[in-house]
Amino acid sequence: KEFNWLDFGTSYYYVRLSEKYQDLYDKMYNILDSYLEGEITAVKLKDENKKTVYILDNCVKKEKRYKEDDYTNIFFMVCYENPQFFFVKPVLYYLDDGTIGLSVNKQFNTQSKMKVEKAKVQKRLEDYIKEINKNVQLKTVNDLSYYIAQKIYKSIPYDWTSVLFWTDEDKIMSQTIYSPLINKTTVCAGYSKLFAALMNYYGIETICVLGDGHAWNMTNLDGNWYVTDLTQATFC
């Protein structure tokens, strides 16, 4: 079927939010989707530590009905449910004009750069899909689930560089599907997002779960939820 970024996401958390929080989710989602589609740009600013950051043109207006934790929690839901937003920086910036800025990594800070990097990510996802379609005997969803999990953890080593040295660049990139697809090394967030992306593409409901500084997956197979932790699999 024709490639569509929406096929790799899920709405598991979104549909369980109240209307109030769905509204905030929608605002953040629409901003990130607009950047993915080339409709807005990023502006170069300095943060409170005088470091250069790139804030997307459209910002979220801060409202009294939300607490600061609400913005953070919803932002992470958007990022983990939508792995196609590989360019986003996992930090919110509270600006002087009363808005909250969503930012992108330096590698994606212009639409010309985004066009190149988006094409790379799309090509790698299409390669995965072609290989899966060619090699998997689709007798059960378990066959497909096992093949996708094995394909990821056997071919993508754990990114010890980002863990041991924690440069800003490594840390940010390792949290997205860009790291396993393009850099071919990742950490728990990258494993879980890529696994969820491919599983949801094939219509198998899979979500990312966060806790205690770790990310893993839960998959709905025939009405039962199962845990998949590809980070642990790489160490076995």
### Query
Do the ring planes of W5 and F3 sit parallel (below 30°), tilted (30 to 60°) or perpendicular (above 60°)?
perpendicular

### Task
First locate atom CG of D57, then atom CD1 of I40, and finally report the distance between them rounded to the nearest 0.5 Å.
6.0 Å

Using side chain to side chain donor-acceptor pair (under 3.5 Å) as the criterion, list what pairs up with [X], not counting sequence neighbours.
X	result
E68	none
D229	H214
E63	K27, R65

Tell me, please, which residues at least two apart from [X] pass ring pair (Phe, Tyr, Trp, His ring centres under 6.0 Å).
X	answer
F75	none
F76	none
Y147	none
Y71	Y66

### Task
Determine, step by step, whether T99 and D97 satisfy the side-chain hydrogen bond (donor to acceptor under 3.5 Å, both in side chains) criterion, reporting the C-alpha distance in whole Å, the side-chain angles of both residues, the deciding distance to 0.1 Å, and the verdict.
CA-CA 6 Å; T99 62; D97 63 359; 2.5 Å; yes

### Task
Return each pair, listed once, that meets salt bridge (charged side-chain N to carboxylate O under 4.0 Å, His left out) where at least one residue sits in residues 70-87; pairs must be two or more places apart or across chains.
none

### Query
Do you know which two heavy atoms are closest between M199 and I148, and how far apart they sit?
SD-CD1, 3.9 Å

### For D69, side chain to side chain contact (heavy atoms under 4.5 Å, CB included) partners two or more places apart
N73

#### Entry: Residues in side chain to side chain contact (heavy atoms under 4.5 Å, CB included) contact with A42, at least two apart in sequence or another chain
Y35, Y54, L56, V104

### Task
Using the side-chain hydrogen bond (donor to acceptor under 3.5 Å, both in side chains) rule, collect all pairs that involve residues 9-18, keeping only residues at least two apart or in two chains.
Y14-D26

### Task
Among Ile, Leu, Val, Met, Phe, Trp and Tyr joined by side-chain contacts under 4.5 Å, find the other residues sharing a cluster with V91 and list them by chain and number.
V43, L45, V53, I55, Y93, L95

